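Structure record follows, encoded as structure tokens.
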Amino acid sequence: MQEKSTKEPLIKTVGLKKSFGELCVLDGVSVDIFEGEKVVVIGPSGSGKSTFLRCLNRLETPTDGAIYFEGNELTPTTDLEEYRKKMGMVFQHFNLFPHLTVLKNITLAAVEARLHEKKKKKLKISKRQIKAEEKARAMKLLTRIGLQDKADAYPSTLSGGQKQRIAIVRALAVGPKVMLFDEPTSALDPEMVGEVLSLMKELADEGMTMIVVTHEMRFAREVATRVLFMDAGKIVADGPPESIFGAPKDERLKSFLAKVL
Amino acid sequence: MMLTLLNAKTLAERFRSAFIVDERWLLYLNGLKNTLIIALLAVVIGILLGFLIAAVVYTKKKTGKLKILSFVCNIYVTIIRGTPVVLQLFIMYFIVLATMKNGILVGGITFGLNSAAYVSEIARAGLESIDEGQMEAGRSLGLSYSKTMLKIILPQALRNIIPALFNEFITLVKETSVAGYVGILELGKVPGLIQSRTFDYLFPLLIASVMYLVVVYLLTLVEKVIEKILAKSDRSAGNVKITGGRKKCKKKAQKSLS
């Protein structure tokens, strides 16, 4: 812990606010997230967890406040496309591209990114070679999750658990430094939750920095290095899982835990 | 009258004079050719311009950008859909493109500009039928807005609107017969020409009708093939397909939104 505080945070937010019209969803969220941390965000629905996550990769534009990534503040001139490549996002409803095969789902963004880079830097690599390399990488990722035989299948033929694992791999294929998970198991049948969580656990063990919004308290306990409890758009409690679950101090946290545990 | 109509010998004679005498079949073929050229030109313009308009209006709705352009597009669609295509043709033929010698080209452009307004509404309905999560997923992977539109949203929207789109094309093929009003020799004008010589409408009308029918039927075959190709990824039943005519499709699109 001592060592961490001397390092620069990977993500830093200062007074992050987001309102939709009159409704204030985020009410000043300031938090430092360091490399390698596995942060689990918990809280009642409507507390702003998802909005916080979506503000981080700018799917929502914050109304006020600042976000720093690797020490650089996000400004209106920041190249959001480049920024988002460093932040993988996994959605509750998978959002796989139904008109593309599993393999294409995974390679699309990575191939586009490299074609973009090739154009910008005038690299001498052929489009075909890029595609072949990305395909090989995608196959490796698919093999890792045991779905290599689904490479040419379309998403509609897969189970929910398979879809979400592929969505995770799709986000990984772009080479992110942080992975954001927005209730990744909430839309799954109970028997499929396990396979998704165990893949996430694997990622965590490999050292990936993760921010996970979830209702899976067991996952939070086992995997998280830090738990944020949000309520009414604010971070109410912030600490290691032992203290959040073991010795909750805040009244709202206590009543929330009493309901979900 | 009934007797002459059913008399096989006279019928054969009447067909002969309607189709074979003086190589009149060439007239039909020429008319058909011109109809197809006008329709093809119109379909191409209609698709390109229609999808462009749809993309602008959709982008304005989703991101708030392109306000002025979207306003212009809305006015365009309103005017085109609010006036008869015959008058649009007259305006183009006698005023706007009066210097253009090629009537077929004028016809193609006019019907293309007309069709674009209808295609744009169909395409907009298609774009709006795609779940917002698709755009978010694309953007979250670092794809730009336009790349996401092109690679993710548009292909899915296209699949959903194929029936409505072909409905528009079918209407368009038959609508080109309006071009006869300004003296363009298209298939719909041929029966009148032949009748003016043979004083017999029966077979000229039948023959021209059958030709339209065949063209439209071929179009529906093309539609089936395209649907089959696009459906290979489609095993889910939950996809919104927008079918029906110009009036119906808008209603259905609204339904799919709510």
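In what follows, every heavy atom counts, from backbone to side chain, and hydrogens, waters and symmetry copies are set aside. Since this is a predicted model, take the numbers as computed values, not measurements. Below, chain A is the first sequence line, B the second, and so on; all start at residue 1.
Here A/Glu112 is the residue among A/His116, A/Arg170, A/Lys85, A/Glu112 with the most heavy-atom pairs under 4.5 Å with chain B. Between chain B and the residues A/Leu108, A/Asn57, A/Asp79, the largest count of heavy-atom pairs under 4.5 Å involves A/Leu108.
Heavy atoms closer than 4.5 Å to chain B are found nowhere in A/Leu80, neither backbone nor side chain.
The number of heavy-atom neighbours closer than 6.0 Å to CD of A/Glu191, taken from other residues, nucleotides and ligands shown, is above 12. No more than 12 heavy atoms of other residues, nucleotides or ligands sit less than 6.0 Å from atom CD1 of B/Ile68. Atom NZ of B/Lys62 has more than 12 neighbouring heavy atoms from other residues, nucleotides or ligands inside a 6.0 Å radius. In this structure, A/Lys118 places its NZ atom where more than 12 heavy-atom neighbours from other residues, nucleotides or ligands lie under 6.0 Å away. Environment of CZ in A/Phe20: crowded, with over 12 heavy atoms of neighbouring residues, nucleotides or ligands closer than 6.0 Å.
Note that OG of B/Ser140 and CZ of A/Arg58 are 15.0 Å apart. Values are rounded to the nearest 0.5 Å. The distance from atom CZ of A/Arg84 to atom CG of B/Leu141, rounded to the nearest 0.5 Å, is 10.5 Å. One finds the CZ atom of A/Phe97 at 8.5 Å from the CD atom of B/Gln156 (value rounded to the nearest 0.5 Å). Note: A/Glu81 CD to B/Lys147 NZ = 11.0 Å, rounded to the nearest 0.5 Å. Taking CG of A/Leu59 as the start and CZ of B/Arg139 as the end, the distance is 8.5 Å to the nearest 0.5 Å. Separation of atoms CD (B/Glu136) and CD (A/Glu60) is listed at 7.0 Å; rounding is to 0.5 Å.
Residues B/Ile152 and A/His99 form a side-chain contact, since some pair of their non-hydrogen atoms from C-beta on lies under 4.5 Å apart.
Side-chain atoms of A/Asn95 do not come within 3.5 Å of backbone N or O of B/Gln134 as any donor-acceptor pair.
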